Trainee: 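I'd like to ask some things about the structure below.
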Amino acid sequence: MKNYTEILKKNLKGLSDYVALATVSPKSYKEVNIEIVKFLVKDSNMPGVYVTLNAPYGTVKKRLEDKKIDTRMILFIDAVTKTSQGIERKDNCLLIGNPQNLSDISVAMDQAVRSLPGAKRFLFFDSLSTLLLYNNAASVAQFVHFLSGRMHVWKVSGIIISLQNKKDQELIDSLLPFCDAQINMEE
Amino acid sequence: MIQLIYTLIALIAILVGLIAIIKIVYIAEIIIGFFSLTFGITAMIWAFKARNSLSIGSELRKYANFFLVSLMSIITFSTFDLLLSIFKDTELALYFYYPKYVFLTVTYFIFLASSYQILSIGKVFGFNKAAENIKKVMKNKKSKV
């Protein structure tokens with residue numbers, strides 16, 4: 001079994017506030033997600049924001065809690081769960097209701113990150129590949145450039161996850177100049 | 001460099017326009033009315049552009065819609081006010097007097113709705129309470145170590 005924590009530690013060595021792009025195969029996607037959050041919350045002891053465009057908040061929270069990760073340290077932004085009345089709040093989660101609503105996702109991330117206590121915080125964005133499913137390439141490219149820029153302004157440990165596939169490669173290549181590290185989680 | 005030249009030309013054009021308005025229209029009330037309208041129209045153009053760049057259905061776009069409508073209402077009020085200033089000694093003044101106050105009242109109603117919208121946005125996007133809980137968790141963890 002791969003030691004994903006060691007891969008993360010090796011690639012992020014010496015970096016405090018960073019924007020990292022983690023690429024992963026579809027097979028190990030779920031496991032890698034949990035390991036990255038475990039590294040950020042347990043090993044690095046940071047509060048943070050988890051933006052999910054893949055699995056609903058409830059599912060993500062359960063997966064993390066099953067691995068003994070303290071979800072009380074995380075603010076969730078769920079853009080995948082459909083809501084009846086636009087944006088809704090549920091415990092420590094903000095339900096955007098629509099993964100195409102990039103404006104509200106941006107505002108939510110900004111407010112969530114700025115509210116976090118402490119100097120060390122993280123933002124985990126799951127995932128770039130899903131963003132492409134719901135939005136056109138131009139909008140995604142613009143959003144991703146905005147996100148990488150804001151992550152530097154917020155001074156967070158930022159990790160954006162993406163699947164390793166040909167379809168997303170062009171977007172990954174356009175994002176790389178703005179990232180401090182690219183982590184191949186399959187190395 | 002080219003951008004600077006364009007900016008300078010634009011500034012000179014604005015200055016010439018301002019001097020022309022002051023020279024043609026001697027009455028201060030009307031001059032101020034014209035200036036206010038130009039600022040209002042510029043604000044409306046920027047608000048319209050911003051609104052169109054925001055995601056459809058987003059809270060920010062809804063708020064931008066309210067802001068745009070309130071701007072349109074206040075510009076309409078300003079237009080009637082300016083027309084009243086220009087035609088105040090004629091019979092036409094009667095046609096501008098009441099619409100001016102109608103639009104002023106409508107503007108305040110729209111401001112009220114906009115404020116309610118921003119209150120809702122604040123409640124939804126405000127994470128301060130959740131962050132306080134995280135602070136407590138971190139404090140408890142530190143005290144246990």
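A quick note: this is a predicted structure, and the numbers were derived from the prediction, not measured. Naming: A, B, ... by sequence-line order, numbering from 1 per chain.
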Trainee: Do A/Met73 and B/Val137 have side chains that approach each other closer than 4.5 Å (heavy atoms only, starting at C-beta)?
Mentor: yes
Trainee: Could you tell me which portion of A/Gln111 (side chain, backbone, both or neither) has an atom closer than 4.5 angstrom to a non-hydrogen atom of chain B?
Mentor: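 Backbone plus side chain of A/Gln111, per the 4.5 Å heavy-atom cut-off to chain B.
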Trainee: Rounded to the nearest 0.5 Å, what separates atom CG in B/Asn128 from atom CG in A/Leu116?
Mentor: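 If I round to the nearest 0.5 Å, the distance is 10.5 Å.
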Trainee: Quick one: CZ on A/Arg121 to CD1 on B/Ile134, what's the gap to the nearest 0.5 Å?
Mentor: 11.0 Å
Trainee: Should we count CZ of B/Phe35 as having more than 12 external heavy atoms under 6.0 Å?
Mentor: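 Counting other residues, nucleotides and ligands, CZ of B/Phe35 exceeds 12 neighbours.
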Trainee: With the 4.5 Å side-chain cut-off for hydrophobic clustering, are A/Phe146 and A/Leu123 part of the same group?
Mentor: yes
Trainee: Quick check: is B/Leu37 connected to B/Ile74 through a chain of hydrophobic side chains (ILVMFWY, heavy atoms under 4.5 Å apart)?
Mentor: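 In one cluster: yes.
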Trainee: Flag yes if more than 12 heavy atoms outside B/Phe34 fall under 6.0 Å of its CZ atom; otherwise flag no.
Mentor: no
Trainee: Within the side chain of A/Asp104, is there an N or O that forms a donor-acceptor pair under 3.5 Å with the backbone of B/Glu59?
Mentor: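 The answer is yes, because a donor-acceptor pair under 3.5 Å joins these two groups.
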Trainee: If you count the non-hydrogen atoms of other residues, nucleotides and ligands that lie under 6.0 Å from NZ in B/Lys135, is the total more than 12?
Mentor: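 Counting other residues, nucleotides and ligands, NZ of B/Lys135 stays at 12 neighbours or fewer.
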Trainee: So which heavy atom on B/Phe127 is nearest to which on A/Ser115, and how close?
Mentor: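 In this case the closest contact between B/Phe127 and A/Ser115 is CB-OG, 3.3 Å.
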Trainee: Counting only heavy atoms from other residues, nucleotides and ligands, does the tally under 6.0 Å from CD1 of B/Ile56 exceed 12?
Mentor: no
Trainee: Could you go through the side-chain contact (heavy atoms from CB on, under 4.5 Å) check for B/Phe125 and A/Asp110 one step at a time?
Mentor: CA-CA 9 Å; B/Phe125 285 107; A/Asp110 184 70; over 6 Å; no
Trainee: Assigning hydrophobic clusters by single linkage (Ile, Leu, Val, Met, Phe, Trp, Tyr; side-chain heavy-atom cutoff under 4.5 Å), is A/Phe125 placed with A/Tyr134?
Mentor: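 No; tracing contacts between hydrophobic side chains, which count when under 4.5 Å, never links both residues.
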Trainee: Under a 4.5 Å heavy-atom cut-off, does chain A meet the side chain of B/Lys136, its backbone, both or neither?
Mentor: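 Nothing of B/Lys136, per the 4.5 Å heavy-atom cut-off to chain A.
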Trainee: Side chain, backbone, both or neither: which part of A/Arg89 has a heavy atom under 4.5 Å from chain B?
Mentor: side chain
Trainee: Hey, could you give me the CD1/OG distance between A/Ile96 and B/Ser55, rounded to the nearest 0.5 Å?
Mentor: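 The CD1 atom of A/Ile96 sits 10.0 Å away from the OG atom of B/Ser55.
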Trainee: Is there a donor-acceptor pair closer than 3.5 Å between any side-chain N or O of A/Ser103 and the backbone N or O of B/Leu54?
Mentor: no
Trainee: Show your reasoning for whether side-chain contact (heavy atoms from CB on, under 4.5 Å) applies to B/Leu60 and A/Val107.
Mentor: CA-CA 8 Å; B/Leu60 218 49; A/Val107 171; 3.6 Å; yes
Trainee: Please classify the contact of A/Asp91 with chain B as side chain, backbone, both or neither, using a heavy-atom distance under 4.5 Å.
Mentor: neither
Trainee: Tell me if the NZ atom of A/Lys38 is crowded by more than 12 foreign heavy atoms within 6.0 Å.
Mentor: no
Trainee: Distance check, rounded to the nearest 0.5 Å: A/Asp70 atom CG versus B/Lys141 atom NZ?
Mentor: 4.0 Å
Trainee: Any heavy-atom pair between the side chains of B/Met138 and A/Pro47 that's under 4.5 Å?
Mentor: yes
Trainee: Test of understanding: clusters of I, L, V, M, F, W, Y form through side-chain heavy atoms closer than 4.5 Å, transitively. Do B/Met72 and B/Tyr108 belong to the same one?
Mentor: yes
Trainee: If you measure from OG on B/Ser58 to CD1 on A/Ile87, what distance do you get to the nearest 0.5 Å?
Mentor: 7.5 Å
Trainee: Is B/Glu91 atom CD crowded by more than 12 heavy atoms from other residues, nucleotides or ligands, each under 6.0 Å away?
Mentor: no
